[in-house]
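Computed from a predicted model, the values in this text were never measured in an experiment.
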Amino acid sequence: LSLYSSPARETKYVENPKTELEEGVSRLRHVMEPYTAWCQFCLGLWFAFSDLELTGSSKVKANSSLCSGFFSEGYEFLQKPPAGFYPRLGVISFAGIIGLFLARGSKIKKLVYPAALMGMGTSMYYPQQAVAIAKVAGTQLYDWSLQGYIAVEAFWKDT
């Protein structure tokens with residue numbers, strides 16, 4: 001027996017089972033696949049026809065395709081974002097991820113917690129827009145509650 005060698009071990013490869021998060025991401029990717037393929041197709045058309053010109057008075061440019069306005073504005077925005085855009089986006093996204101981790105249990109929690117935390121994170125960075133949205137939401141909530149009250153009152157009087 002040598003002092004510096006170790007006996008050969010028999011190893012067996014065991015694949016770790018997929019976690020719930022990995023399964024969820026996999027399902028999301030499969031659901032979103034047709035939409036991402038459509039977006040890639042539109043981007044391909046935009047790049048293919050952006051420099052093409054026809055003879056005569058008509059010219060084919062990227063602005064004439066269906067997708068070009070949406071993608072070109074988004075592309076330009078991401079190329080020259082306002083100052084502090086990416087850190088704000090990171091904080092808001094992180095708040096949504098924390099909401100997903102806190103929302104264990106019911107499906108309603110999984111909808112409410114991330115949306116609420118992302119809304120709070122967004123309102124920290126964009127307070128004027130948050131106040132405007134809160135005013136509109138408050139008015140609509142008041143209208144809905146008033147309609148509900150009237151409906152319950154009418155139902156109560158009929159019976």
Side-chain angles (χ1 to χ4, degrees), residues 9-51 61-156 159:
R9 297 180 185 171
E10 291 186 26
T11 59
K12 184 189 278 187
Y13 175 73
V14 177
E15 188 171 321
N16 292 334
K18 289 187 176 181
T19 63
E20 188 176 325
L21 178 63
E22 290 173 330
E23 288 290 331
V25 170
S26 176
R27 277 186 260 133
L28 179 67
R29 290 181 71 192
H30 287 296
V31 168
M32 296 302 293
E33 188 174 9
Y35 304 109
T36 57
W38 179 80
C39 290
Q40 287 175 348
F41 174 74
C42 286
L43 279 175
L45 283 178
W46 183 68
F47 286 122
F49 290 115
S50 63
D51 295 328
K61 292 190 176 183
N63 294 336
S64 64
S65 72
L66 293 174
C67 306
S68 68
F70 176 74
F71 287 116
S72 65
E73 289 176 12
Y75 180 75
E76 289 173 10
F77 181 79
L78 291 176
Q79 289 298 319
K80 300 173 188 168
F85 172 73
Y86 289 118
R88 290 176 180 182
L89 181 66
V91 168
I92 294 167
S93 301
F94 187 68
I97 291 170
I98 288 176
L100 283 175
F101 283 120
L102 293 176
R104 296 180 191 250
S106 71
K107 292 183 179 182
I108 293 174
K109 284 183 183 178
K110 289 181 182 178
L111 291 173
V112 172
Y113 283 15
L117 288 176
M118 287 175 69
M120 289 178 6
T122 305
S123 66
M124 284 181 4
Y125 290 115
Y126 305 103
Q128 294 164 340
Q129 291 87 348
V131 168
I133 290 172
K135 285 181 181 178
V136 171
T139 304
Q140 286 184 347
L141 186 63
Y142 176 75
D143 290 342
W144 289 342
S145 63
L146 192 60
Q147 289 174 0
Y149 177 77
I150 292 170
V152 168
E153 186 180 32
F155 178 74
W156 191 262
T159 58

Enquirer: If you compare all heavy atoms of Tyr113 against all heavy atoms of Gly99, which two are closest, and at what distance to 0.1 Å?
Expert: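 Looking at all heavy atoms of both residues, the closest pair is CB-O, 3.6 Å.
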
Enquirer: Which atom names give the shortest non-hydrogen contact between Lys18 and Glu22, and what distance separates them?
Expert: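 In terms of heavy atoms, the two residues are closest at CA-OE1, 3.2 Å.
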
Enquirer: Could you tell me which non-hydrogen atom of Met124 sits nearest to which non-hydrogen atom of Pro127, and how far apart they are?
Expert: O-CD, 4.1 Å

Enquirer: Take a 6.0 Å sphere around CD of Glu153 and say whether it holds more than 12 heavy atoms from other residues, nucleotides or ligands.
Expert: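 Yes, enclosed.
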
Enquirer: Provide the closest heavy-atom pair for Phe85 versus Leu78 in the form atom of the first, atom of the second, distance.
Expert: CE2-CD2, 4.1 Å

Enquirer: At what distance, to the nearest 0.5 angstrom, does CD1 of Ile97 lie from CD1 of Ile92?
Expert: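 Those atoms lie 12.5 Å apart.
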
Enquirer: To the nearest 0.5 Å, what is the distance between OG (Ser123) and CD (Gln129)?
Expert: 11.0 Å

Enquirer: Would the number of heavy atoms belonging to other residues, nucleotides or ligands and lying under 6.0 Å from CD of Glu20 be above 12?
Expert: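 Open.
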
Enquirer: For Lys109 and Pro114, which heavy atoms make the closest approach, and how far apart are they?
Expert: O-CD, 3.7 Å

Enquirer: Tell me every residue that passes side chain to side chain contact (heavy atoms under 4.5 Å, CB included) with Leu146, counting only those two or more places apart in sequence or in another chain.
Expert: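 Checked Leu146 against side chain to side chain contact (heavy atoms under 4.5 Å, CB included); matches are Tyr142, Ile150.
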
Enquirer: Testing the basics here: between Gly105 and Lys110, what is the closest heavy-atom pair and its distance to 0.1 Å?
Expert: O-CE, 4.4 Å

